[in-house]
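Here's the structure we're looking at; comments come further down.
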Amino acid sequence: QVQLQESGGGSVQSGGSLRLSCAASGATDRHYCMGWFRQAPGKAREWVATITTSGGTNLADSARGRFTISRDNAKNTLYLQMNSLKLEDTAMYYCAARRGFCPTPSASDTYWGQGTQVTVSS
């Protein structure tokens, strides 16, 4: 069983920055692909970024050029550095992990954190 705990959310003005963290515990090892997803009120959960066990990253078009995903395997921690934040980035951000494959909302073996709220204001 994997437990994920996000932190670092908050309120920020447009153009500002935030760094989200996700501490993983439980049956974690280097074979977990991890990622960030977000969900705005009334909308479906959407993929933001993923990072594989070997460190390969992939970002959604909306995040590319502004967000950076990284992981510290020694600390079992996932990060999301978010710069140049926009109003449309406002959402609950979720950390996710999945063994062997990258996490997706439809995969029953994806683990999820409780989420951390990011609010961007003008």
Side-chain angles (χ1 to χ4, degrees):
Q1 190 73 13
V2 175
Q3 295 83 40
L4 303 171
Q5 180 63 58
E6 303 94 337
S7 61
S11 297
V12 64
Q13 288 193 321
S14 180
S17 298
L18 283 173
R19 188 173 87 150
L20 306 183
S21 298
C22 172
S25 59
T28 57
D29 55 44
R30 295 183 62 185
H31 300 295
Y32 278 82
C33 180
M34 301 187 74
W36 291 97
F37 293 74
R38 66 187 183 187
Q39 188 166 17
K43 295 188 177 182
R45 190 168 296 190
E46 66 173 358
W47 166 66
V48 176
T50 45
I51 183 166
T52 67
T53 56
S54 59
T57 62
N58 202 5
L59 288 91
D61 288 344
S62 59
R64 195 170 295 120
R66 299 187 299 125
F67 295 2
T68 302
I69 186 171
S70 61
R71 64 192 292 172
D72 185 332
N73 290 328
K75 296 182 178 179
N76 284 334
T77 302
L78 176 71
Y79 303 99
L80 184 68
Q81 177 67 43
M82 304 187 295
N83 299 328
S84 302
L85 282 162
K86 303 176 181 180
L87 295 176
E88 52 264 42
D89 294 319
T90 295
M92 185 72 77
Y93 282 71
Y94 296 91
C95 173
R98 186 178 179 209
R99 197 171 197 279
F101 300 92
C102 283
T104 68
S106 61
S108 60
D109 58 345
T110 291
Y111 293 95
W112 297 97
Q114 294 298 308
T116 186
Q117 178 67 37
V118 171
T119 302
V120 184
S121 60
S122 58

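What you see below is based on every heavy atom in this structure, not just the backbone, and it leaves out hydrogens, waters and symmetry mates.
- Taking 4.5 Å as the limit, every side-chain heavy atom of Gln39 sits out of range of all side-chain heavy atoms of Pro105.
- Minimum interatomic distance between Ile51 and Cys33 (heavy atoms only, all atoms of both residues): O-SG, 3.4 Å.
- Ile69 CD1 to Thr50 OG1: the interatomic distance, rounded to the nearest 0.5 Å, is 6.0 Å.
- Expressed to the nearest 0.5 Å, how far CE of Met82 lies from CZ of Arg66 amounts to 9.0 Å.
- Between Cys102 and Thr52, some side-chain heavy-atom pair lies under the 4.5 Å cut-off.
- Nearest approach of Gly8 to Leu18, heavy atoms of both residues: O-CD2, 3.9 Å.
- You'll find the side chain of Val118 reaches within 4.5 Å of the side chain of Leu20, heavy atoms only.
- Contact between Ser17 and Ser84 at its shortest, heavy atoms only, is OG-N, 4.3 Å.
- Note: Trp112 and Tyr94 have perpendicular aromatic rings, judged against thresholds of 30 and 60 degrees for the angle between ring planes.
- A distance of 13.5 Å separates CD of Gln114 from OG of Ser7, quoted to the nearest 0.5 Å.
- Rounded to the nearest 0.5 Å, atoms OG (Ser21) and CZ (Arg71) are 14.0 Å apart.
- Here the side chains of Asp89 and Arg38 are in contact, with some heavy-atom distance below 4.5 Å.
- Remark: Arg64 engages Asp61 in a salt bridge, criterion side-chain N to carboxylate O under 4.0 Å.
- Within the 4.5 Å cutoff, the side chain of Phe37 has heavy atoms near those of the Pro103 side chain.
- The minimum heavy-atom distance between Ala40 and Thr90, with the atom names listed, is CB-O, 3.8 Å.
- The side-chain heavy atoms of Trp47 and Thr104, taken from C-beta on, include no pair separated by under 4.5 Å.
- Remark: side-chain polar atoms of Glu6 are not paired, donor with acceptor, to backbone N or O of Thr116 under 3.5 angstrom.
- Within the 4.5 Å cutoff, the side chain of Arg99 has no heavy atoms near those of the Val2 side chain.
- With hydrophobic clusters built from ILVMFWY side chains whose heavy atoms lie under 4.5 angstrom apart, Met34 does not share a cluster with Met92.
- Note that the OG1 atom of Thr53 and the OH atom of Tyr32 stand 12.0 Å from one another [nearest 0.5 Å].
- Linking Ile, Leu, Val, Met, Phe, Trp and Tyr whenever their side-chain heavy atoms come within less than 4.5 Å leaves Tyr79 and Tyr111 in two separate clusters.
- For Glu88, the CD atom is densely surrounded, since the number of other residues' heavy atoms within 6.0 Å is greater than 12.
- Considering every non-hydrogen atom in both Gln1 and Gln3, the closest pair reads CG-NE2, 3.3 Å.
- Of all the heavy atoms in Thr110 and Arg98, the pair that sits closest is OG1-CD, 3.6 Å.
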